[in-house]
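Heavy-atom basis, side chains included; hydrogens, waters and symmetry copies ignored.
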Amino acid sequence: MEELKKEEEKSLNFLEEIIEADLNSGKHKTILTRFPPEPNGYLHIGHSKSICINFGLAKKYGGKTNLRFDDTNPVTEDTEYVESIKQDIRWLGFEWANEFYASDYFPQLYEFALKLIRQGDAYVDDSTSEEIAALKGTPTEPGKNSPYRDRTPQENEDLFVRMKNGEFAEGSRTLRAKIDMASPNMIMRDPLLYRIKFAHHHRTGDKWCIYPMYDFAHGQSDSIEKITHSICTLEFIPHRELYDWCIEKLGIYPSKQYEFARLNINYTVMSKRKLLQLVNEKHVSGWDDPRMPTISGMRRRGYTPKAIRDFAERIGVARRENLIDIGLLEFFVREDLNKTALRRMVVFDPLKIVITNYPEGQTEQLAGENNPEEENSGTRNIPFSREIYVEREDYMENPPKKFFRLGIGKQVRLKHAYIITCNEAIKDANGNVTELHCTYIPESRSGSDTSGLKVQGTLHWVNIADAVPVKVLEYDRLFKVENPASEEGDFKDYINENSLHVIPTAYAEPAIKDAKADERFQFLRKGYFCLDTTSSSEKLVFNKTVGLKDTWAKEQKK
RNA sequence: UGCCUCUUGGUCUAAUGGCAGGACAACUCCCUUUGAAGGAGUUAGUCGUAGUUCGAAUCUACGAGGGGCAACCA
């Protein structure tokens with residue numbers, strides 16, 4: 001046992017191995033990571049993997065993590081996104097050491113550019129974007145030098161200063177690194193460092209009309225902050241050569257970049273561009289639509305930070321492409337909610353039961369535990385009387401063998417109440433069952449059952465007289481295929497148009513009236529629910545977070 | 001017909017030249033006043049070929065397959 005535990009502790013992911021090696025060799029005394037979102041959209045579950053890795057690693061090894069907004073493209077970025085990103089990170093349970101912005105470094109980055117120019121490592125190119133693309137070559141053919149490549153450092157500096165001063169039109173000139181147009185790595189074929197944009201920046205306003213590209217901002221920002229381990233996703237592997245090139249030419253602190261495989265989850269999409277499309281084209285109600293894989297969407301739906309953190313921990317960190325089953329995330333949501341959610345009974349599709357031997361006009365208060373998993377969670381009162389609702393699907397006229405619910409002559413327990421016997425089904429002119437007549441066993445009351453009866457089924461129910469009508473929103477996967485991004489054609493062709501199911505009126509036990517926005521509920525035999533942001537005291541609205549595991553539904557499919 | 005990168009049960013992920021293990025899923029059984037939760041168990045894997053080695057998931061070579069790279073995006 002002891003050995004087994006040791007064995008588990010020894011198992012490190014590749015980033016932990018690198019960090020432990022760096023710490024053991026004395027390369028670093030402590031580590032500093034960073035989470036570098038671009039404020040051009042809301043964070044999604046993929047980002048939460050990155051957040052858990054960056055903050056988690058720092059926490060594990062006694063280091064720190066900076067939050068740095070990668071705000072080098074004023075056209076797409078906005079302060080609204082900055083605020084949502086900060087809220088989401090805190091909600092996940094992490095706190096950053098410093099809040100920085102790449103735009104804080106614009107003056108320094110500008111000096112870095114001048115240094116490269118003076119060293120002969122960068123030049124101003126007057127080519128149009130089409131001309132640059134044409135000379136770039138292809139993955140299998142080398143590119144060709146730009147006709148402006150051999151300008152003198154003096155000429156380049158003069159031109160670059162004038163670019164900064166706004167003397168040239170947007171798009172008319174760029175600053176490029178002078179590396180190698182024949183490099184097998186396309187990124188190294190004289191990459192663009194700066195472009196002219198007369199756009200308003202969310203922080204620097206109109207101060208700058210040149211903006212650094214990602215490759216000339218990110219690594220240097222890491223270096224300025226003395227980030228020890230700069231962790232990013234696989235698509236930046238080819239950029240690492242340029243990352244190192246810039247640091248070397250500039251002679252600045254050598255931050256190191258390491259790459260891991262981004263998170264993919266089936267039946268959804270995981271790119272801000274695609275999520276933005278879903279929002280803009282009204283396929284969803286917004287970034288925080290409960291069907292969205294955004295952190296704000298999952299929060300609204302009722303997912304918990306712990307569930308997401310446990311999920312991130314369990315999926316691990318590696319360099320293999322992956323497509324994780326959404327069921328795994330749901331497992332962690334259930335696991336957390338099972339321990340914390342308050343139990344309530346709610347009937348979605350009511351069928352009236354008259355308990356014919358229960359005195360008319362009598363009501364008794366039964367006690368129901370708030371959470372059987374939590375000793376000190378207390379109880380709530382549940383009224384019981386002659387007329388109640390049960391779930392329509394819990395009655396069958398011709399039940400199959402293993403149907404442990406209601407049918408003529410069958411007995412079931414009403415949760416927290418009595419065992420009843422179903423005697424008669426009342427039908428309307430069309431043959432639809434309108435109500436059931438049952439009798440109860442007085443000595444079978446929950447907690448003081450002396451009937452000696454054993455029943456196989458237990459049903460949830462509500463007392464009709466004080467049932468509270470509530471609205472319930474149920475969600476299904478947003479897409480009909482496992483990996484919409486990899487399908488032929490537009491990913492939007494695969495949207496599941498039945499992903500939202502509205503139950504305008506469900507009937508809840510009276511205790512539901514005390515529901516608070518931050519509380520999580522388990523509606524017995526239904527699933528986990530929480531109040532939606534659109535809920536009001538006049539009309540309670542619940543989101544279904546995730547259903548309970550349903551062995552019966554599985555049995556029926558066979 | 002370039003360069004980079006990856007390949008372990010259905011899905012993720014361990015193994016660091018020495019017994020292929022865990023989680024989810026699936027299945028069976030037990031338990032049950034939630035067909036939930038819980039408990040016990042079962043099924044199932046190293047992309048291929050050759051080599052190195054006493055011994056290869058791990059090292060080497062070749063091959064196959066997946067992903068990425070030609071935005072004044074990050």
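Considering only side-chain atoms of Thr458(A), the nucleotide from G66(B), U33(B), A36(B) that sits closest is U33(B). Looking at the side chain of Arg405(A), the nearest of the listed nucleotides G35(B), C4(B), U13(B) is G35(B). Distances were taken from every side-chain heavy atom of Phe403(A) (C-beta onward) to each of G35(B), C12(B), U13(B); the shortest belongs to G35(B). Comparing atom distances between the Lys415(A) side chain and each of A74(B), U34(B), C69(B) picks out U34(B) as nearest.
Both distances falling under 3.5 Å, in either a Watson-Crick or a G-U wobble arrangement, occur for no nucleotide opposite A15(B). When both distances must be under 3.5 Å, the Watson-Crick or G-U wobble mate of U34(B) does not exist. Here G2(B) sits opposite C69(B) as a Watson-Crick or G-U wobble pair (both hydrogen-bonding atom distances under 3.5 Å). The base-pairing partner of G48(B), taking Watson-Crick or G-U wobble contacts with both distances under 3.5 Å, is C62(B). Base pairing of G41(B) is made with C27(B), judged by Watson-Crick or G-U wobble geometry with both donor-acceptor distances under 3.5 Å.
Only the C1' atoms considered, U58(B) is 13 Å distant from U52(B), to the nearest whole Å. Atom name P, nucleotides A23(B) and G38(B): the rounded distance is 13 Å, in whole Å. Annotation: G41(B) and U8(B) have their C1' atoms spaced 24 Å apart (nearest Å). Look at the C1' atom in both G9(B) and C62(B): the space between them is 28 Å, to the nearest Å. Here the separation of A40(B) from G22(B), taken at their P atoms, is 13 Å to the nearest Å. Here, C27(B) and U46(B) have their P atoms 24 Å apart, quoted to the whole Å. Taking the C1' atoms as reference points, C29(B) lies 15 Å from G35(B), given to the whole Å. Comparing the P positions of C19(B) and G63(B) gives a spacing of 32 Å, expressed to the nearest Å.
At a cut-off of 3.5 angstrom, counting only N and O atoms as typed in the model, there is a donor on one side and an acceptor on the other between the side-chain of Gln522(A) and the base of U34(B). You'll find a donor-acceptor pair under 3.5 Å spanning the side chain of Arg413(A) and the base of U33(B), going by distance alone. Side-chain atoms of Arg343(A) and base atoms of U34(B) include a donor and an acceptor less than 3.5 Å apart. Looking at Arg320(A), its side chain comes within 3.5 Å of the base of U8(B) through a donor and an acceptor atom.
Counting only N and O atoms by type, the side chains of Arg445(A) and His416(A) include no donor and acceptor under 3.5 Å apart.
Close placement of the Tyr507(A) and Tyr389(A) rings is indicated, their centers lying within 6.0 Å of each other. Under the 6.0 Å cut-off for aromatic ring centres, Phe521(A) and Tyr528(A) do not qualify, their centroids lying 6.0 Å or more apart.
A cation-pi contact links Lys164(A) to Tyr110(A), judged by a cut-off of 6.0 Å to the six-membered ring centre and 45° from its axis.
A ring-ring contact (aromatic ring centres under 6.0 Å, His included) with Tyr194(A) is found for one member of Phe160(A), Phe106(A), Tyr211(A) and no other, namely Phe160(A).
Contact annotation: Thr551(A) side-chain N/O to A36(B) OP1/OP2 distance is under 4.0 Å.
Of the possible polar contacts, none joining the Thr268(A) side chain to the Ile265(A) backbone as a donor-acceptor pair under 3.5 Å is found.
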